[in-house]
Engineer: 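Quick one: this structure, given as structure tokens, is what I'll be asking you about.
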Amino acid sequence: KRSMLQNFFRVLAGQISQRVTGTFGKGQSGQSQMEQGQTRKSHSELKFWRHRPFTRVIKGWKAYKTVQNYIQLNEQEECGKRPYRKERLRGLSPEELQSLWE
């Protein structure tokens, strides 16, 4: 079920974040704070993920190509090769889509 997949990703993202940021440590009794049900956070709340992960089930070639173009566009925006645009892929002409892959 889709809801179970979303729950899986939520828990997975939380566990990765906890391990990378060291949110859980050893308490006074020698038990980890995770075992005691407590967390240790700094005043800045140690943010590992800037945004929630986005997942999408892809069915068919057209949907696959759309996701492929979306990822390529994200990478180019992150590197500064393209400015961010609110309309994302919708506002791109066929020539601009082709230029994503050059």
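Remember, predicted model here, so these are calculated numbers, not experimental data.
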Engineer: Suppose we screen for side chain to side chain donor-acceptor pair (under 3.5 Å). Which residues come up paired with Glu78, at least two apart in sequence or across chains?
Structural biologist: none
Engineer: Under the rule for side chain to side chain donor-acceptor pair (under 3.5 Å), what residues qualify as partners of Arg88, not counting sequence neighbours?
Structural biologist: Asn74, Glu77
Engineer: Just jot down the salt bridge (Lys or Arg N to Asp or Glu O under 4.0 Å) partners of Glu87, sequence neighbours excluded, or say none.
Structural biologist: Arg85
Engineer: Working to the nearest 0.5 Å, report the span between CG of Leu92 and CD of Gln98.
Structural biologist: 12.0 Å
Engineer: Is Ile71 linked to Leu100 within one hydrophobic cluster, defined over Ile, Leu, Val, Met, Phe, Trp and Tyr using a side-chain heavy-atom separation of less than 4.5 Å?
Structural biologist: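 No, separate clusters.
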Engineer: Examine distances only and state if a side-chain atom of Glu75 and a backbone atom of Gln72 form a donor-acceptor pair shorter than 3.5 Å.
Structural biologist: no
Engineer: Only pairs at least two apart or in different chains count here, so list each ring pair (Phe, Tyr, Trp, His ring centres under 6.0 Å) that has a residue in residues 67-102.
Structural biologist: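 Sorted result for residues 67-102: empty, none.
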Engineer: For residues 59-67, which side-chain donor-acceptor pairs fall under 3.5 Å, sequence neighbours excluded?
Structural biologist:
{"residue": "Lys65", "atom": "NZ", "partner": "Gln68", "partner atom": "OE1", "Å": "3.0"}
{"residue": "Thr66", "atom": "OG1", "partner": "Lys62", "partner atom": "O", "Å": "3.0"}

Engineer: Please enumerate all residues that pass side chain to side chain donor-acceptor pair (under 3.5 Å) together with Gln76, with sequence neighbours excluded.
Structural biologist: Arg82
Engineer: Determine yes or no for a side-chain-to-main-chain donor-acceptor pair under 3.5 angstrom, with Ser17 supplying the side chain and Gly14 the backbone.
Structural biologist: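 Such a contact is absent between Ser17 side chain and Gly14 backbone.
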Engineer: Spell out, yes or no, whether Ile58 and Leu5 are grouped together once hydrophobic residues are joined by side-chain heavy atoms under 4.5 Å, including indirect joins.
Structural biologist: no
